There are 2 protein chains.
Amino acid sequence: MTQKTSAAPEAPAAPDESGVLPEPAPKEIRLESVMHALADPCRLRIVTELAVQQHEMTCQAFGLPVSKSTSTHHFKVLREAGVIRQYRKGTARMSRLRRAELDGLFPGLLESVLNGALAQRARLGE
Amino acid sequence: MTQKTSAAPEAPAAPDESGVLPEPAPKEIRLESVMHALADPCRLRIVTELAVQQHEMTCQAFGLPVSKSTSTHHFKVLREAGVIRQYRKGTARMSRLRRAELDGLFPGLLESVLNGALAQRARLGE
DNA sequence: CTCGTAGTACGACATCTGTCAAACTACGAT
DNA sequence: ATCGTAGTTTGACAGATGTCGTACTACGAG
């Protein structure tokens with residue numbers, strides 16, 4: 001049943017039909033991993049940006065101050081932690097916050113992190 | 001983006017009169033550092049324990065599955081991130097959550113992390 | 001003063017992490 | 001077919017992190 005591409009050891013939820021990249025099922029998402037993913041300035045910025053813009057974005061739309069490969073790395077960390085979902089769209093990779101899943105597992109967490117990030121940005125002057 | 005943990009050569013707020021160990025002033029506390037501090041299972045456990053027990057605790061009261069020096073290290077990370085306050089009391093170091101300061105800077109963050117940690121612990125069976 | 005307890009400081013070490021450049025794949029447009 | 005755009009993969013590398021053991025300091029009790 002589970003059409004395994006043998007890429008990941010046993011990545012549980014990776015619906016592939018619509019080009020969705022491998023990601024953990026909600027049950028697999030660990031608080032420590034989410035916290036770790038959000039602890040990096042680069043990734044926190046990606047997440048806040050995704051929250052402000054309500055719809056999905058391509059990877060390069062963020063204007064991150066890092067190389068392409070580093071960017072890929074950060075998106076991968078976020079995806080594998082269960083924070084974002086990515087799927088193919090032509091030559092681009094669209095990213096979306098997994099808000100519903102995260103809110104279900106850790107109510108209020110994303111909200112307060114987002115608010116904290118914005119508040120801090122304002123407090124420290126952009 | 002090499003994230004800076006700011007070990008702080010000249011930590012600005014270190015009132016020493018009452019034996020309080022060096023810690024960042026509220027204005028110095030960075031969301032990324034707090035997130036990073038809470039991203040470790042060992043430290044997350046310290047924090048949840050401190051939240052459940054409402055008053056301060058000695059370092060060894062947590063029964064952490066690590067050596068003394070590692071324990072010291074984790075408490076130091078939490079303190080330098082601004083998550084806990086420590087002060088001398090005889091030969092012991094008492095630790096307290098800096099709830100008020102954290103709530104002021106990042107409203108709801110500590111609360112949701114704590115709830116998330118407890119929920120996950122319950123979900124995964126202790 | 002001497003001893004035991006609580007914790008710190010100092011190396012040491014293996015692993016993880018963020019970063020990059022270069023080579024590669026995938027897809028759309030010309 | 002050719003080219004350009006978007007992103008991945010790989011290999012490398014410096015620096016951070018978690019861990020330990022041992023030596024050390026600080027304080028209270030006897």
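Bear in mind that the values here come from a model prediction, so they are computed numbers and not experimental data. Proteins get letters first, then strands, A, B, ... in listed order; numbering begins at 1 in each.
Distance from the side chain of A:Lys68 is smallest for C:dA23 among the nucleotides C:dA23, C:dC20, C:dA9. Of the listed nucleotides (C:dC20, D:dG7, C:dG7), D:dG7 has the atom at the smallest distance from the side chain of A:Gln60. Nearest nucleotide to the B:Arg93 side chain, out of C:dA6, D:dG18, C:dT8: C:dT8. Closest to the side chain of B:Leu21, out of C:dT8, C:dA6, D:dG7, is C:dT8. Nearest to the side-chain atoms of B:His36 among the listed nucleotides D:dG18, C:dC20, D:dG7 stands D:dG18. You'll find that the side chain of B:Cys59 is closest to C:dG7, out of D:dG7, D:dG18, C:dG7.
In this structure, the side chains of A:Arg43 and A:Val83 stay at 4.5 Å or more apart for every pair of heavy atoms. When side chains are defined from C-beta on, B:Arg88 counts as touching B:Leu21, because their heavy atoms get closer than 4.5 Å.
Straight-line distance from the CZ atom of A:Arg43 to the C1' atom of C:dC16: 12 Å, rounded to whole Å. Rounded to an integer number of Å, the gap from A:Phe75 CZ to D:dA6 P is 13 Å. Between the CD atom of A:Gln86 and the C1' atom of D:dG7 there is a distance of 10 Å, given to the nearest Å. Per the geometry, NZ belonging to A:Lys89 stands 17 Å off C1' belonging to C:dA26, to the nearest Å. If you measure from atom NZ of A:Lys76 to atom P of C:dC16, you get 14 Å, rounded to the nearest angstrom. Here the C1' atom of nucleotide C:dG18 and the CG atom of A:Leu64 are 13 Å apart, to the nearest Å. With rounding to whole Å, B:Glu56 atom CD is found 17 Å from C:dG7 atom C1'. As a whole-Å value, the separation of B:Ile46 CD1 from D:dG18 P is 11 Å.
Atom CZ in A:Phe62 sits 10.5 Å away from atom CD in A:Gln60 (nearest 0.5 Å).
Screening A:Arg79, A:Lys76, A:Arg96, A:Glu23 for a side chain to side chain donor-acceptor pair (under 3.5 Å) with A:Gln86, the sole residue that qualifies is A:Arg79. When each of A:Asn115, A:Leu109, A:Leu114 is tested with A:Glu111 by the rule side-chain contact (heavy atoms from CB on, under 4.5 Å), just one qualifies, namely A:Asn115.
In terms of polar N and O atoms assigned as donor or acceptor, the side chain of A:Ser69 comes within less than 3.5 Å of the base of C:dA21 in a complementary pairing. Judged by atom type and distance alone, A:Thr72 does not reach the base of D:dG7 through any side-chain donor-acceptor pair under 3.5 Å.
Contact annotation for A:Thr58: backbone-only contact, meaning every heavy-atom pair under 4.0 Å involves sugar-phosphate atoms and none involves a base. Residue-level contact check: A:His73 touches the bases, meaning some heavy atom is under 4.0 Å from a base atom.
In this structure, A:Ala92 and B:Cys42 both approach DNA chain D, and ranking their closest nucleotides by distance from the 5' end singles out A:Ala92.
One finds no side-chain N or O of A:Thr91 lying less than 4.0 angstrom from the OP1 or OP2 phosphate oxygen of D:dA6. Of the side-chain N and O atoms in A:Thr70, one or more sit less than 4.0 angstrom from OP1 or OP2 of C:dC20.
Looking at A:Gln120, its side chain does come within 3.5 Å of a backbone N or O of B:Leu31 through a donor-acceptor pair.
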